Amino acid sequence: MLTIEGLKTFGADTENGLTRCMNNEAFYLKLVEKSISDASYQKLNEAISANDLDAAFEAAHALKGVLGNLALTPILEPVSEITELLRARTQMDYSPYLEKINEKSEGLKKLCE
Amino acid sequence: MEDFNRTIGFKRRILVVDDEEINREILGNILNETYDVSYAEDGQKALEMMREKNADFSLVLLDLLMPVTDGFSVLDEMQKEDALKQIPVIVMTSEKSAEVKSIKHGAYDFITKPYDMPEVILARCERIIELNEDKSIIRAAEKDELTGLYTREFFFEYIHRYEHVTGEQKMDAVVLNIEHFHMINEMYGRETGDEVLCSTASTLKELFEKETFIASRPDADYFYLYMSHRENYEGVFDGLQEELSHLTQLPRIRFRIGVSQDVDKTLPAENRFDHAKLACDHIRGDYTRQLSYYNKEDNDRELYGERLINDMEDAIRNGDFVVFYQPKFNIQTKEPHLRSAEALIRWRHPELGMVSPGAFIPLFESNGLIQKLDRYVWSEAAAQIRKWKETYGITIPVSVNVSRIDIYDPELENRLAGLVEQNGLSAEDLMLEITESAYADNAKGLIEVVNHLRDRGFKIEMDDFGSGYSSLNMLTTIPIDVLKLDMKFVRNMHKDEKSLKLVELIIDIAKFFGVPLVAEGVEDEAQFKTLKEMGCDVIQGYYFSKPIPAEEFETFVKEEKKRRE
């Protein structure tokens with residue numbers, strides 16, 4: 001089960017996340033759980049495999065917004081980096097970023113079980 | 001306004017537009033307490049919701065990067081629609097560069113992503129809603145709904161504010177009015193009337209768009225313009241007249257323009273426009289003039305006149321009007337001697353001092369008030385004749401003025417006869433002066449009245465003879481007892497030959513008709529001697545005495561009494 005303590009250990013800036021949620025823990029945790037199944041993760045992976053950088057940027061940007069608001073720092077960091085690279089439509093191998101993002105989001109998913 | 005917003009009893013609606021559900025939920029959670037929050041997941045949906053009837057959103061929180069229709073497109077669409085344009089938008093973005101761009105696209109403010117503290121978001125929303133509502137309330141009140149020009153109060157307020165900015169710049173106040181505007185409404189219907197007002201407003205804006213200029217429609221078909229000074233307004237509004245003629249095809253419909261130039265900025269703005277309006281109304285119905293300038297002297301004179309009219313009745317009651325007497329002398333005897341007097345009214349105004357008869361008599365003649373004044377003089381004069389008679393045992397006839405309007409009074413005869421009787425006088429003691437121009441006015445009616453008066457024994461003097469337009473022929477039909485030569489002949493008779501000849505001629509005319517001639521305005525010995533030589537019978541003027549109060553006049557009465565003894 002997801003807890004604030006668990007999120008803290010995960011590395012989330014829970015204080016900030018909670019503030020945005022008007023210090024409503026249950027609400028915050030509910031949104032964090034919901035974020036795991038955010039369609040943007042999948043969109044990002046698919047777009048990068050298809051080398052569709054426009055779509056990839058859109059997905060990364062959207063993800064960045066949500067993760068930023070929830071203050072999920074460990075995932076936010078690689079997402080922010082990839083967003084900036086995609087914004088410039090940089091042609092490169094994005095897999096190390098994707099791996100990191102997927103690894104961290106998997107970690108979060110585990111916390112929720 | 002703040003209190004109003006806080007205490008008003010309903011929640012305002014906010015539309016949150018974001019493609020990420022989690023973001024929408026976070027914002028919703030923050031705003032729910034205070035606002036009624038609706039959500040849209042893309043720009044297209046958001047626009048549809050805003051266009052819904054009674055949508056009535058007080059604020060839109062808009063994400064910029066969204067699939068399908070992004071935030072910038074939403075802003076652009078909103079700018080195109082009047083109803084949507086009024087809704088303020090706060091843009092949510094994580095990029096600094098997008099902030100400037102969104103403001104340019106019409107956003108009011110922005111919230112950064114990740115979101116600020118909830119308090120900050122709430123405070124921003126509240127502030128923007130408040131600003132926008134204040135603005136729209138002001139916008140609704142400051143503009144005339146029909147023409148979009150300023151309403152009276154805001155117009156004057158803006159002039160006042162504008163003053164601090166322009167300082168020394170010379171400004172003019174201009175008032176325009178559409179003459180016979182009601183005819184447009186009557187003949188073409190209100191809609192056309194409104195159209196005329198609207199196109200007047202828009203034509204005015206076009207005409208002066210390049211200058212310092214502010215305009216108002218304070219009332220019905222009046223337009224007020226406050227604009228940079230110009231020396232001449234001739235032709236300035238021709239474009240407007242053309243537009244009006246084109247719209248109505250009515251030849252009698254036209255603009256009247258009153259201008260107060262280089263206004264006195266120490267006066268309240270309202271007064272500056274009172275002046276321009278005075279000028280504008282001054283030429284109402286005058287088809288020879290379309291443009292009139294305010295003139296301080298005219299205005300002061302008018303105000304002074306108003307004051308005199310207002311004070312007149314009180315003055316009679318308070319005895320501020322005093323009757324003075326100017327002696328008339330017989331000069332064909334060895335020594336000139338007192339023959340009679342003329343009663344002349346003087347006004348000792350408690351605040352204005354001595355008011356010149358030249359200021360109030362023409363004024364009261366024009367509005368009929370002179371009638372009251374005449375009656376007052378008649379009764380004072382009659383009482384005075386009696387008093388002298390009782391005191392000195394001799395009768396000094398006094399002539400009084402009978403104004404044109406008195407002639408139409410059916411009670412005139414009885415009134416005068418009553419006065420004579422009350423004071424134990426005979427009718428010939430109270431002599432009646434009627435100006436020559438009154439004869440010309442209504443010869444037939446006047447002859448009738450004069451005949452009746454003469455039948456009852458009154459003596460009629462024709463005043464100001466030679467100044468009016470009566471033909472010599474009139475003298476044969478009009479019954480008179482004395483001719484009074486207009487004073488300007490006497491004044492000029494030593495200055496130009498023609499006047500001298502005319503005096504001679506009029507003296508002959510009087511002789512021909514067998515009536516005495518009184519010369520008025522005799523000021524010096526030369527005039528006196530000439531008139532005497534020419535055979536003039538009676539003289540009145542400063543040479544003998546100016547008009548004086550009854551007490552002073554007694555000196556003349558005493559002398560005359562002595563002479564007769």
Side-chain angles (χ1 to χ4, degrees), chain A residues 12-44 46-47 52 54-73 75-77 79-84 86-88 105 108, chain B residues 14 16-35 37 39-44 61-73 90-99 101-102 110-126:
Chain A
D13 181 358
T14 51
E15 204 177 312
N16 249 319
L18 269 171
T19 306
R20 266 179 218 114
C21 292
M22 312 283 282
N23 293 314
N24 181 337
E25 284 188 16
F27 180 66
Y28 177 50
L29 293 173
K30 188 191 94 184
L31 292 183
V32 172
E33 259 182 73
K34 202 180 233 176
S35 77
I36 294 165
S37 43
D38 196 301
S40 297
Y41 283 117
Q42 204 188 333
K43 276 186 201 157
L44 178 61
E46 284 170 5
D52 181 350
D54 292 346
F57 169 69
E58 257 179 43
H61 186 271
L63 211 47
K64 182 188 152 194
V66 172
L67 296 167
N69 280 335
L70 294 175
L72 297 171
T73 322
I75 323 175
L76 176 64
E77 278 172 359
V79 169
S80 292
E81 284 165 32
I82 204 173
T83 304
E84 292 319 304
L86 287 167
R87 189 194 299 279
S105 68
L108 182 61
Chain B
I14 292 189
V16 171
V17 190
D18 198 309
D19 55 327
E20 285 292 337
E21 191 190 347
I22 291 173
N23 293 344
R24 296 198 296 270
E25 282 196 52
I26 293 176
L27 280 176
N29 185 50
I30 295 170
L31 300 169
N32 254 330
E33 273 291 295
T34 327
Y35 301 98
V37 189
Y39 305 92
E41 62 269 17
D42 64 62
Q44 205 48 51
L61 294 182
L62 181 67
D63 185 29
L64 281 179
L65 260 182
M66 291 180 294
V68 195
T69 308
D70 70 3
F72 292 117
S73 314
I90 297 180
V91 154
M92 303 179 288
T93 175
S94 51
E95 280 98 47
K96 277 275 160 213
S97 61
E99 289 173 359
K101 192 177 167 195
S102 53
F110 38 80
I111 289 176
T112 54
K113 270 183 178 177
Y115 299 149
D116 290 308
M117 308 274 284
E119 291 78 8
V120 174
I121 292 176
L122 279 169
R124 287 211 172 168
C125 291
E126 189 184 329

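For clarity, every value in this text was computed on a predicted model and none was experimentally measured. A, B, ... follow the sequence lines: proteins, then strands. Residue 1 opens every chain.
A:Met22 contributes atom CE, which lies 12.0 Å from atom CD1 of B:Ile26 (distance to the nearest 0.5 angstrom).
Judged as a ring pair (Phe, Tyr, Trp, His ring centres under 6.0 Å), and not counting sequence neighbours, the contacts of B:Phe72 are B:His105.
Contact detail for B:Ile22 and A:Leu31: the closest heavy-atom pair is CD1-O, 3.6 Å.
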What donor-acceptor contacts under 3.5 Å connect chain B and chain A, backbone and side chains included?
| unit_1 | atom_1 | unit_2 | atom_2 | d |
| --- | --- | --- | --- | --- |
| B:Glu20 | OE2 | A:Ser40 | OG | 3.0 |
| B:Glu21 | OE2 | A:Lys34 | NZ | 2.8 |
| B:Asn23 | OD1 | A:Asn69 | ND2 | 2.9 |
| B:Glu25 | OE1 | A:Lys30 | NZ | 3.3 |
| B:Glu25 | OE2 | A:Lys34 | NZ | 2.2 |
| B:Asn29 | ND2 | A:Cys21 | O | 3.2 |
| B:Glu95 | OE1 | A:Arg87 | NH1 | 3.4 |
| B:Glu95 | OE2 | A:His61 | NE2 | 3.2 |
| B:Glu95 | OE2 | A:Arg87 | NH2 | 2.6 |
| B:Tyr115 | N | A:Asn69 | OD1 | 2.7 |
| B:Tyr115 | O | A:Arg20 | NE | 2.6 |
| B:Tyr115 | O | A:Arg20 | NH2 | 3.3 |

